[in-house]
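One structure is given here, and the rest of the page talks about it.
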Amino acid sequence: MELNGYRIMWLFVFFDLPTETKKDRRNASGFRNNLLKDGFSMMQYSVYVRHCASSESADVHEKRIHKLLPPLGKVSVLRITDKQFGNILNFWGKAAVPSAPQPTQLELF
């Protein structure tokens, strides 16, 4: 099966979880840590994103998120194609932000 920009998916998880009590904070922290363990990356504080090679892979991760839901709060999941993801505009304010260091190139002889 050929991969293309319309088949490859990105999952966004948006959440607003209570943090008033120690138990609430533990639940919120556990939810974030589980997202990280499942391959999500933090895009913003309560916005996490994950690349999925296919719609079927996205289905698996959506089911996992459903199982990880904390007892309180709101969690939303958005699925978009790689083609749509490529159209995201990101703005970081007017101050210059240093770019992430480039990975070291592996040389084979």
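Nothing here was measured: the structure is a model prediction, and the numbers come from that model.
Separation of atoms OG (Ser29) and CG (Asn34) is listed at 9.5 Å; rounding is to 0.5 Å. Taking CG from Asp59 and OG from Ser54, the interatomic distance works out to 8.0 Å, rounded to the nearest 0.5 Å.
The shortest side-chain heavy-atom distance between Asp24 and Leu72 falls under the 4.5 Å cut-off. In this structure the side chain of Phe14 never reaches within 4.5 angstrom of the side chain of Gln44, judged on heavy atoms.
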For Met42 and Val47: C-alpha separation, side-chain torsions, deciding distance, then whether side chain to side chain contact (heavy atoms under 4.5 Å, CB included) applies.
CA-CA 6 Å; Met42 186 171 74; Val47 179; over 6 Å; no

Ile65 and Val13: side chain to side chain contact (heavy atoms under 4.5 Å, CB included), yes or no, with the steps?
CA-CA 9 Å; Ile65 291 166; Val13 178; 3.4 Å; yes

Side chain to side chain contact (heavy atoms under 4.5 Å, CB included) between Ser57 and Met9: does it pass, once the steps are laid out?
CA-CA 8 Å; Ser57 173; Met9 307 302 295; over 6 Å; no

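Taking 4.0 Å as the cut-off between side-chain N and carboxylate O, Glu62 and Arg50 do not count as a salt-bridged pair. Between Asp38 and Arg64 there is a salt bridge, with a side-chain nitrogen of the basic residue lying less than 4.0 Å from a carboxylate oxygen of the acidic one.
Considering all non-hydrogen atoms of both residues, Thr19 and Arg25 come closest at O-NH1, 3.0 Å. Shortest non-hydrogen contact noted between Leu17 and Pro70 is CD2-CG, 3.6 Å. The two residues Ala28 and Pro18 make their nearest non-hydrogen contact at CB-O, 4.3 Å. Phe40 approaches Leu11 most closely through the heavy-atom pair CE2-O, 3.8 Å. Closest non-hydrogen pair, Leu68 versus Phe31, comes out as O-CD1, 3.4 Å. Heavy atoms only, all atoms of each residue included: Lys74 and Ser76 are closest at CE-OG, 3.8 Å.
Aromatic pair Tyr48/Phe15: centroids less than 6.0 angstrom apart.
Ring orientation note: the planes of Phe12 and Phe85 are tilted relative to one another, at an angle of 30° to 60°.
Between the side chain of Arg79 and the backbone N or O of Trp10, no donor-acceptor pair lies under 3.5 Å.
Under the 4.5 Å side-chain heavy-atom criterion for grouping Ile, Leu, Val, Met, Phe, Trp and Tyr, Leu78 is connected to Met43 within one hydrophobic cluster.
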